[in-house]
K.L.:
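First the structure, then my questions, so here it is.
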Protein chains: 2
Amino acid sequence: MFIIRSMKLSDGIEWGIHVTTLLAVLPPEGALPAARLAEFHGVPAAYLAKHLQALSRAGILASIHGPRGGYRLAKPATEITVLDVVEAIDGTEPAFRCNEIRRRGPTAQPAAAYPLPCGIHRVMVSADLVWRASLRSVTVADLVTTVANDGDPAGLVAGAKWIRDALA
Amino acid sequence: MFIIRSMKLSDGIEWGIHVTTLLAVLPPEGALPAARLAEFHGVPAAYLAKHLQALSRAGILASIHGPRGGYRLAKPATEITVLDVVEAIDGTEPAFRCNEIRRRGPTAQPAAAYPLPCGIHRVMVSADLVWRASLRSVTVADLVTTVANDGDPAGLVAGAKWIRDALA
DNA sequence: TAGATCCGGATGTTTATTATCCGGAGTATG
DNA sequence: CATACTCCGGATAATAAACATCCGGATCTA
Ligand code: SF4
Ligand code: SF4
């Protein structure tokens with residue numbers, strides 16, 4: 001059989017969070033081009049670029065044209081929540097889209113009979129809200145702290161070195 | 001541009017919740033065949049049948065073969081949560097699937113350097129948990145109550161009549 | 001001016017979802 | 001027991017979404 005597909009978050013979400021976290025540890029005035037960010041994370045450059053543009057449009061990243069340009073955070077990491085990144089890339093539409101199936105079939109009523117979101121709808125919306133609230137409670141600055149705390153020391157050193165080289 | 005696609009829950013979820021809610025108001029020993037349920041909701045019968053089978057395997061619905069057979073609830077509506085229905089149809093896998101991109105690229109470390117889910121991962125898992133907890137806090141019996149309370153009276157009467165006819 | 005970079009539209013590829021069909025097996029009813 | 005009705009699940013097809021690439025143009029720095 002195998003229906004089971006599970007609601008899935010776009011891969012771009014993971015990339016976006018990683019990139020934003022990485023840019024959060026850049027020295028002020030530093031910036032990394034899309035190609036470098038893709039190289040660091042081992043993801044397709046042309047496709048990552050799309051997501052970076054989305055983050056840029058959302059006001060999370062600032063883009064700098066020209067030589068030594070690239071992306072940097074558009075505001076302090078303490079003011080960027082994980083939800084901001086998720087919504088910039090994945091949109092703000094709730095996971096549950098009501099197709100109004102109650103209005104179909106033999107017992108359908110005129111549209112006026114259906115005032116507002118029904119009970120089923122409200123349950124799903126409510127779950128969506130707590131999900132978003134949970135993501136909103138964590139900032140990119142928090143992520144940096146966590147990674148610094150329980151990341152592998154050798155990996156952190158290698159990462160720091162790579163960043164220095166990339167900026168040079 | 002228009003990347004924005006948004007994490008989306010399968011349409012089958014909506015069907016599954018509606019069907020389960022409908023079956024919750026059936027008289028004991030009553031059952032409705034898949035074709036009738038599809039007719040009532042105005043959805044493709046062959047496809048709905050797939051989802052009904054999933055609900056059946058999950059122990060939410062009981063299936064009765066032969067004439068006057070069909071589906072009914074396998075247990076009291078008070079013991080079926082919305083999350084049960086969602087997970088039966090959509091699976092239990094979290095929306096965020098980590099692709100371990102930290103292990104890729106030029107600063108990758110040996111596998112042993114990556115102990116458990118990192119901070120980013122934990123944030124996403126945590127959000128997933130509150131989402132599921134929210135859905136688990138509502139039972140199908142609650143949905144029935146809500147629909148009975150704020151549903152359109154004429155629609156409820158039409159629905160009740162349709163059910164009587166379908167069972168006859 | 002030259003080189004680097006972002007921007008966004010157009011396009012192609014791959015994968016997931018949606019949808020249908022059919023043979024097989026189980027069951028109540030007469 | 002014969003029959004009509006129903007679920008079951010595998011195979012397959014159609015459609016939509018996600019993933020990925022490319023390129024011309026604009027913008028900026030040095
Ligand atoms: S009853 Fe609720 S979930 Fe169902 S179609 Fe109407 S608004 Fe949507
Ligand atoms: S750092 Fe976290 S989110 Fe990123 S690849 Fe590793 S476990 Fe996944």
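A, B, ... follow the sequence lines: proteins, then strands. Residue 1 opens every chain.
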K.L.:
Do we see a donor-acceptor contact under 3.5 Å between the side chains of A:T145 and A:D142?
P.N.:
no
K.L.:
Considering only distance and modelled atom types, tabulate donor-acceptor pairs under 3.5 Å from the side chains of residues 59-74 of chain B, sequence neighbours left out.
P.N.:
from, atom 1, to, atom 2, distance (Å)
B:R68, NH2, B:L167, O, 3.2
B:R72, NE, B:G30, O, 3.2
B:R72, NH2, B:E29, O, 2.8

K.L.:
So if I take every side-chain heavy atom of A:P44 and compare against D:dT21, C:dT20, C:dC7, which nucleotide ends up nearest?
P.N.:
D:dT21
K.L.:
Under 3.5 Å, which protein N or O atoms sit close to an N or O of nucleotides 13-16 of chain D? Give each pair with its distance.
P.N.:
none

K.L.:
Which whole-number value in Å describes the distance from B:K50 NZ to D:dC7 C1'?
P.N.:
11 Å
K.L.:
If the condition is side chain to side chain donor-acceptor pair (under 3.5 Å), which residues does B:D165 pass it with, not counting sequence neighbours?
P.N.:
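Scan of B:D165 (side chain to side chain donor-acceptor pair (under 3.5 Å), adjacent residues dropped) gives B:K161.
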K.L.:
Can a donor-acceptor pair be found, under 3.5 Å and without considering hydrogens, that links the side chain of A:S56 to the backbone of A:L52?
P.N.:
no
K.L.:
State, to the nearest 10°, the angle formed by the axis through the first five base pairs of the helix from C:dT1-D:dA30 to C:dG30-D:dC1 and the axis through its last five.
P.N.:
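Comparing the axis at each end, I get an angle of 30°.
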K.L.:
So which heavy atom on B:G12 is nearest to which on B:H51, and how close?
P.N.:
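For B:G12 versus B:H51, the nearest heavy atoms are CA-NE2, 3.7 Å.
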K.L.:
What's the CZ-P distance between A:R36 and C:dA4, to the nearest Å?
P.N.:
12 Å
K.L.:
With sequence neighbours left out, which residue pairs that include part of residues 142-161 of chain A fulfil the ring-ring contact (aromatic ring centres under 6.0 Å, His included) condition?
P.N.:
none
K.L.:
For D:dT6, take OP1 and OP2 only and decide whether either is under 4.0 Å from a side-chain N or O of B:S63.
P.N.:
no
K.L.:
For A:I13 and D:dC19, what is the distance between atoms CD1 and C1' respectively, to the nearest whole Å?
P.N.:
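That distance rounds to 14 Å.
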K.L.:
So what does B:A49 hit on the nucleic acid, given a heavy-atom distance under 4.0 Å: a base, only sugar-phosphate, or nothing?
P.N.:
nothing
K.L.:
Can you tell me how far C1' of D:dC19 sits from CG of B:N99, to the nearest Å?
P.N.:
12 Å
K.L.:
How does protein reach along nucleotides 24-30 of chain D, written 5' to 3' as B (base within reach of a heavy atom under 4.0 Å), S (only sugar-phosphate), or - (no contact)?
P.N.:
---BBB-
K.L.:
If I take atom CD1 in residue A:I89 and atom P in nucleotide D:dA17, what distance separates them, rounded to the nearest angstrom?
P.N.:
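Between P of D:dA17 and CD1 of A:I89: 20 Å.
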